[in-house]
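When reading the values below, keep in mind they use all heavy atoms of this one structure, side chains included, and skip hydrogens, waters and symmetry mates. Atoms within each ligand, like the ligands themselves, are counted from 1 in listed order.
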Amino acid sequence: MKIIMLGAPGAGKGTQAKKIAEKYEIPHISTGDIFRANIKNNTELGKKAKAYMDQGLLVPDELTLELIMDRFEQPDCKNGYVLDGFPRTIPQAEALTKALSENSEKIDFAVNVEVPDESIVERMSGRRACLNCGGTYHIIFNPSKKEGICDKCSSELVLREDDKPETVSKRLKVYHDQTQPLIDYYRGQNVLREVDGTKEVSEVFDGIINILEA
Ligand code: AP5
Ligand code: MG
């Protein structure tokens, strides 16, 4: 199964993608997590990506596409994947459609997690992220068992650099300008499905499972 998670920054794409990946035993591929791991390890890619990410801007398509196409070559992708944060622009979506169609493949579902902008800033300021395994928590809505420590890999949790309120507003603007058009793009491919992302994490997940198993 090949699934794309769509939605604004902070809509819960990563939270839900992790749960989908566990249930269906497919990899969770988050371009944001891959960039953050590169920044943490101070790689060339990380240095390039950081300059954009810290400002709330998108990393250029060329860099992102190179990275994701390499990732698709990994053997764990053979039974599908859940994409989180990719594609994020029309050119990225077109490149993905083209790469898949060359192997007579296609996306099964693009799940749009809908959350109004007003709720986003509150979610971001309380988010805590694991830079090691990509785990995502919220100090109130989805706390880790031990404060500041990842449940899965015991690494330290951090507040992301780009979760400051002023950067969040910029990311929301970039989302509306560059990423929201993908909703119509995937509607046109008849794979768009929508879920109400304002409900509790487990209810949102149940909604997604209903979609995937309909
Ligand atoms: P990325 O890491 O993808 O960030 P994003 O899209 O801004 O999304 P977030 O990870 O912030 O939010 P999310 O939807 O995953 O929400 P989460 O589950 O964490 O990208 C970061 C940057 O990398 C971009 O700005 C860009 O620069 C670059 N980048 C990445 N991909 C790129 C690409 N393809 N092209 C170009 N550049 C790219 O949830 C948020 C919070 O809410 C958490 O605290 C969570 O616990 C909580 N929460 C989740 N669900 C609920 C719920 N139902 N109720 C209450 N709280 C909830
Ligand atoms: Mg995320």
K.L.:
Within the structure, is a non-hydrogen atom of G7 found at a distance of less than 4.0 Å from ligand 1?
P.N.:
no
K.L.:
Heavy-atom contacts under 4.0 Å between R171 and ligand 1: side chain, backbone, both, or neither?
P.N.:
side chain
K.L.:
Quick one: does A49 get a heavy atom under 4.0 Å from ligand 1?
P.N.:
no
K.L.:
For A37, is there any backbone N or O sitting under 3.5 Å from a side-chain donor or acceptor partner on N41?
P.N.:
yes
K.L.:
Specify the closest pair of heavy atoms between L6 and Y186, including all atoms of both residues, with the distance to one decimal.
P.N.:
CD1-CD1, 4.2 Å
K.L.:
Quick check: does any side chain N or O of R160 sit under 3.5 Å from a backbone N or O of R128, one acting as donor and the other as acceptor?
P.N.:
no
K.L.:
Tell me the contacting part of A8 for ligand 1: side chain, backbone, both, or neither, using a 4.0 Å heavy-atom threshold, strictly below.
P.N.:
backbone
K.L.:
Can you tell me which portion of M5 lies within the under-4.0 Å heavy-atom range of ligand 1? Options are side chain, backbone, both, or neither.
P.N.:
neither
K.L.:
Looking at atom 42 (O) of ligand 1, what's its closest protein heavy atom, distance included?
P.N.:
R123 CD, 3.4 Å
K.L.:
Among all the protein's non-hydrogen atoms, which is closest to atom 10 (O) of ligand 1, and how far away is it?
P.N.:
R160 NH1, 3.0 Å
K.L.:
Once you measure the plane-to-plane angle for Y81 and F72, does it fall in the parallel (<30°), tilted (30-60°) or perpendicular (>60°) bin?
P.N.:
parallel
K.L.:
Taking S30 for the side chain and D33 for the main chain, is one N or O donor matched with an acceptor at less than 3.5 Å?
P.N.:
yes
K.L.:
Classify the contact between T64 and ligand 1 as side chain, backbone, both or neither, using a heavy-atom distance cut-off of under 4.0 Å.
P.N.:
side chain
